[in-house]
Amino acid sequence: MRSGRVGSVLVGVALVMVPVGPWLERLFGWAALGAWRTLLVAIVVQGVPFLLLGTVVSAAIGAFVPARVFSKALPRNPVLAVPVAGAAGVVLPGCECASVPVAGSLMRRGVAPAAALTFLLAAPAVNPVVLVSTAIAFPGSPEMVAARFGASLVTSVVMGWLWIRWGREEWLRLPTGHADHAPGGGRLVAFRRGLQHDFLHAGGFLVVGAMAAATFNVLVPPSVLEVFSGSPWLGVLVAAVLAVLLSVCSEADAFVAASFTGFSPTARLAFMVVGPMVDMKLIALQSGAFGRAFAVRFSAATFVVAVLTCVLVGGVLL
């Protein structure tokens, strides 16, 4: 309940900034506050529809879908279940905000953590909406679409296999059931309670990540980035770090990447692959859902794997 109250407060802060922000800017002469407020609201507005989609799916899974469905759909062997879960990410048109609550619900229904985490990474990166937006942002460059799909899918599957090999149970705070065990009222009440809990809980962390991303955008001038864009190797690393800090929704990040004309194609690929898997709001959402210890380790490992994969795939296709 405490996390739900904190989430309600943080979501309320984001809503209050819309009408109150201009008044504070005029009262104190905070010009930078206007840019910060605009970015904060933009990131939250981008993420909330997909977060709502994810929490609806999560609550529906918990309330209406029997656990035996997942045991039949996925191979019993976790090594084989991981690529199947990665391929399943193709069919969900959502961003990273939606994937976290869905992955948590899958774990609550008995899906192996490695498979659920693979789905968490793949769903926002390889779904049809993302691929179509990438094709529109890079017209006449089907190799960029293929490179994004391949690098994203490989990264998610490799991370699932790495979790099987080196992941530890004490790192992952498995989410407890809410909709699954709601006392009384039937499945509809269970669905409503699960939706309310997951949305308020994850919404608070979405706002935290959006605040961090907006702060970076305001404090770091564009001239700092131009210093690194000319170097092929530094450009890839800087673009990947930018993806983490800017926290652009996966449905829109291709257009941002296309605007980075000073960066190499591989660097722009890194921006599009790293962002949906490791950005500020996603790290915050993972911390809230699975614990801080997990989020730090998993995000760091995903960042490294994604960058290396982009270098390899970019070298072949781009």
Side-chain angles (χ1 to χ4, degrees), residues 43 45-54 56-57 82-103 106 115-160 236 239-240 242-244 246-261 263-279 281-282 285 302-303 305-318:
I43 294 173
V45 169
Q46 264 189 339
V48 162
F50 298 102
L51 179 61
L52 179 60
L53 170 64
V56 167
V57 174
V82 163
V84 173
V90 176
V91 302
L92 179 63
C95 74
E96 57 271 25
C97 299
S99 65
V100 173
V102 173
L106 291 175
L117 295 174
T118 300
F119 178 83
L120 183 152
L121 296 178
V126 299
N127 69 72
V129 176
V130 169
L131 298 179
V132 169
S133 69
T134 305
I136 295 173
F138 292 90
S141 300
E143 66 276 7
M144 183 63 80
V145 180
R148 180 174 194 177
F149 177 83
S152 298
L153 188 59
V154 168
T155 299
S156 61
V157 171
V158 168
M159 284 304 301
V236 171
L242 276 177
V244 176
L246 295 181
S247 300
V248 183
C249 185
S250 60
E251 273 77 12
D253 61 359
F255 300 96
V256 178
S259 70
F260 293 162
T261 55
F263 286 87
S264 68
T266 301
R268 287 185 275 182
L269 173 65
F271 181 87
M272 294 186 291
V273 172
V274 171
M277 298 185 179
V278 191
D279 66 20
K281 64 179 184 294
L282 182 56
L285 288 167
T302 303
F303 181 89
V305 172
V307 170
L308 293 177
T309 303
C310 287
V311 171
L312 293 175
V313 173
V316 174
L317 296 179
L318 304 178

At their closest point, which heavy atom of [X] faces which heavy atom of [Y], and how far apart are they?
| X | Y | result |
| --- | --- | --- |
| Leu121 | Ala125 | O-CB, 3.7 Å |
| Leu285 | Val100 | O-CG1, 3.9 Å |
| Phe271 | Leu242 | CE1-C, 4.0 Å |
| Leu106 | Ala116 | CB-CB, 4.3 Å |
| Val273 | Ala151 | CG2-CB, 3.9 Å |
| Phe119 | Pro124 | O-CD, 4.4 Å |

Find out whether [X] and [Y] are in side-chain contact, i.e. whether some heavy atom of one side chain is under 4.5 Å from a heavy atom of the other.
| X | Y | answer |
| --- | --- | --- |
| Val244 | Val274 | yes |
| Val316 | Val313 | no |
| Met277 | Leu120 | no |
| Pro276 | Arg148 | yes |

How would you list, by chain and number, every residue that makes a side-chain contact (heavy atoms from CB on, under 4.5 Å) with Val305, sequence neighbours excluded?
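Val305 satisfies side-chain contact (heavy atoms from CB on, under 4.5 Å) with Thr155, Val158, Met159, Leu162, Thr309 only.
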With Ile136 via side-chain contact (heavy atoms from CB on, under 4.5 Å) - residues at least two apart:
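Expected list: Val132, Phe255.
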Quick check for you: to the nearest 0.5 Å, what is the distance between Met144 atom CE and Thr134 atom OG1?
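The CE atom of Met144 sits 9.0 Å away from the OG1 atom of Thr134.
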To the closest 0.5 Å, what do you measure between CZ (Arg268) and CZ (Phe138)?
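Atom-to-atom, Arg268:CZ and Phe138:CZ are 5.0 Å apart.
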Can you check whether Phe149's main-chain N or O pairs, donor with acceptor, with Ser152's side chain at less than 3.5 Å?
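Side chain of Ser152 to backbone of Phe149, a donor-acceptor pair under 3.5 Å: no, none is there.
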